[in-house]
Amino acid sequence: QVQLVESGGGLVQAGGSLRLSCAASGRTFGDYNMGWFRQKPGKEREFVARISRLGNGIYYADSVKGRSTISRDNAKNTAYLQMTSLKPEDTAVYYCAASVFPSFTTRTSNYDYWGQGTQVTVSS
C-alpha cells in the first residue's frame, strides 16, 4: 500500500505559478512511476504528466507542455508538479497517482494508488 497526500493547490491569478507536492508513505516510493491528473467539474479525470521511477521518463499532456515540470525526489518520497503561466482552463482538482505499470500510460486504470486531490483555481 502507498498513501499519497497532495498539497500546494490554491487560488492564483492567470499567468501565475503554483507548485504541487505529492508526499508518499508506505511502500518504497522509488518502486512507482508517478503521475499527475486533473479533473474539471463535470468532466472525466485527465492525464497531466508522468515521471518514471528513476525520473528519466517524462511525459506531458499537450495542454500543459511547456508550462509544467514534473519532478521527484526519491529520498524525500515526494513528487512535484511545477505549473507556470496558469490559465483559467487549468482550474481543476489535481491528483497524484502511483503506478507499477511498466511503460508510459495515461489511463487512470493503470494507476494503483491515488491521493485525495488538491484544488487549483485560476482566476482571469
Is it the case that one hydrophobic cluster holds both Val122 and Trp36, taking links as side-chain heavy atoms less than 4.5 Å apart, direct or via other members? yes
Between Thr69, Val64, Val48, which is the residue that forms a side chain to side chain contact (heavy atoms under 4.5 Å, CB included) with Leu81? Val48
Report whether Ile58 and Phe29 are members of the same hydrophobic cluster (ILVMFWY, side-chain heavy atoms less than 4.5 Å apart, transitive linking). yes
Applying the side chain to side chain contact (heavy atoms under 4.5 Å, CB included) criterion to Arg38, which one of Val93, Asp90, Leu20 satisfies it? Asp90
Are Tyr94 and Ile51 in one and the same hydrophobic cluster, where Ile, Leu, Val, Met, Phe, Trp and Tyr link if side-chain heavy atoms are under 4.5 Å apart? yes
I need the minimum non-hydrogen distance between Leu4 and Ala24, along with the two atoms involved. CD2-CB, 3.6 Å
Assess whether atom NZ of Lys40 is packed by more than 12 heavy atoms of other residues, nucleotides or ligands within 6.0 Å. yes
Determine yes or no for a side-chain-to-main-chain donor-acceptor pair under 3.5 angstrom, with Thr118 supplying the side chain and Ser7 the backbone. no
Non-hydrogen atoms of Ser52 and Asn56 that approach each other most closely: OG-OD1, 2.8 Å
Leu18 and Val120: which non-hydrogen atoms are nearest, and at how many Å? CD1-CG1, 3.8 Å
Nearest heavy atoms of Arg67 and Ser85, plus distance in Å: NH1-O, 3.0 Å
Examine distances only and state if a side-chain atom of Glu6 and a backbone atom of Gly117 form a donor-acceptor pair shorter than 3.5 Å. yes
I need the minimum non-hydrogen distance between Pro102 and Arg50, along with the two atoms involved. O-NH2, 4.4 Å
Please state whether the rings of Tyr59 and Phe104 are parallel, tilted or perpendicular, taking 30° and 60° as the class boundaries. parallel
